[in-house]
Amino acid sequence: MSLKQINPRNTVLFAFMMVVALMRIILSSEAPMNPIATFTPLGAMALFGGAYFNNRVKSVLFPVLTLWMSDIILNRFVYYNEWRFFYEGFYWTYISYALMAVASRFIIRKVTVSNVIIASLVATLIHWIGTSPGCFLIENSMYPKTLAGYFTSLVAAIPYERNFLAGTLVYSVVLFGGFELLQRRYSALRLAH
């Protein structure tokens with residue numbers, strides 16, 4: 001592959017997501033399984049990828065890939081002390097994450113503060129409803145496998161989802177604001193119309 005084939009826009013977008021994924025790793029290693037550990041860039045990364053990658057596959061694949069890579073590192077050094085490529089119930093998180101990126105493609109057709117806020121609320125709702133089965137249905141779940149157990153898990157997740165929303169909003173400012181500034185300065189980062 002020659003340097004002329006490398007798309008600078010996609011490279012910078014992916015680099016942005018990798019940098020904030022590293023921030024996720026640092027935050028999670030400081031306070032694993034603490035509600036503050038859910039103040040992460042995950043929602044913002046999904047929204048950012050969904051909004052900026054013009055290729056439908058890349059807009060979902062790259063955010064999921066950054067989530068997966070950061071999960072592997074956290075599994076090794078924070079949660080399990082071994083190299084684990086997946087954890088029990090991971091697919092609920094990954095499906096929810098992919099849905100956040102897809103939702104972003106529809107909500108953030110134009111990057112505005114209101115669109116990013118709406119997308120952040122939708123992403124948090126997707127995360128809340130979509131990842132709870134991963135906690136509720138796993139083998140050693142503390143919740144009974146009933147509809148009441150599912151709703152109990154949803155209520156228990158509210159403090160985590162507040163932090164997820166706050167993290168999504170704060171990191172969205174960093175990702176969207178940073179990339180918008182770079183696009184203004186460097187024309188190679190703008191989409192060709």
Quick check: are there more than 12 heavy atoms from other residues, nucleotides or ligands sitting under 6.0 Å from [atom1] of [X]?
X	atom1	answer
F86	CZ	yes
R56	CZ	no
Y186	OH	no

Linking I/L/V/M/F/W/Y whenever any side-chain heavy atoms sit under 4.5 Å apart, do [X] and [Y] land together?
X	Y	value
L169	Y97	no
I117	V173	no
L165	V116	no
I72	M45	yes
F39	I25	yes

So, do [X] and [Y] sit near enough that their side-chain heavy atoms are less than 4.5 Å apart?
X	Y	value
R24	L74	yes
M18	T66	yes
Y171	M23	yes
F106	V102	yes
L61	V64	no
Y94	D71	yes
F14	N10	no
L65	M17	no

Looking at [atom1] of [X] and [atom2] of [Y], how far apart are the two atoms once the value is rounded to the nearest 0.5 Å?
X	Y	atom1	atom2	result
I95	T131	CD1	OG1	11.5 Å
H127	T124	NE2	OG1	8.5 Å
E82	R76	CD	CZ	9.0 Å
F164	W128	CZ	CH2	13.5 Å
I73	I26	CD1	CD1	10.5 Å
L181	F179	CG	CZ	11.0 Å

Aromatic contact between Y52 and F176, with the criterion being ring centroids under 6.0 Å apart: yes or no?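 Yes; F176 has its ring centre under 6.0 Å from that of Y52.
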Answer with yes or no after comparing the ring centroid distance for W83 and F77 against a 6.0 Å cut-off, counting only values under it.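 Ring centroids of W83 and F77 are less than 6.0 Å from each other.
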Where is the tightest heavy-atom contact between [X] and [Y], given as atom of each residue plus distance?
X	Y	result
I108	A119	CD1-CB, 3.6 Å
S104	L47	OG-O, 2.6 Å
G43	M100	CA-SD, 4.2 Å
A101	S59	CB-O, 3.5 Å
L191	Q183	N-OE1, 4.5 Å
S153	S132	OG-CB, 4.0 Å

Parallel under 30°, tilted from 30 to 60°, perpendicular over 60°: which one fits the rings of F48 and F16?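 Correct class here is parallel.
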Sidechain-backbone polar pair: [X] side chain, [Y] backbone, donor-acceptor under 3.5 Å:
X	Y	result
N115	K110	yes
R105	F53	yes
R9	A188	no

Do you know which of L121, I129, V122 makes side-chain contact (heavy atoms from CB on, under 4.5 Å) with L125?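 Per the side-chain contact (heavy atoms from CB on, under 4.5 Å) rule, the option paired with L125 is I129, out of L121, I129, V122.
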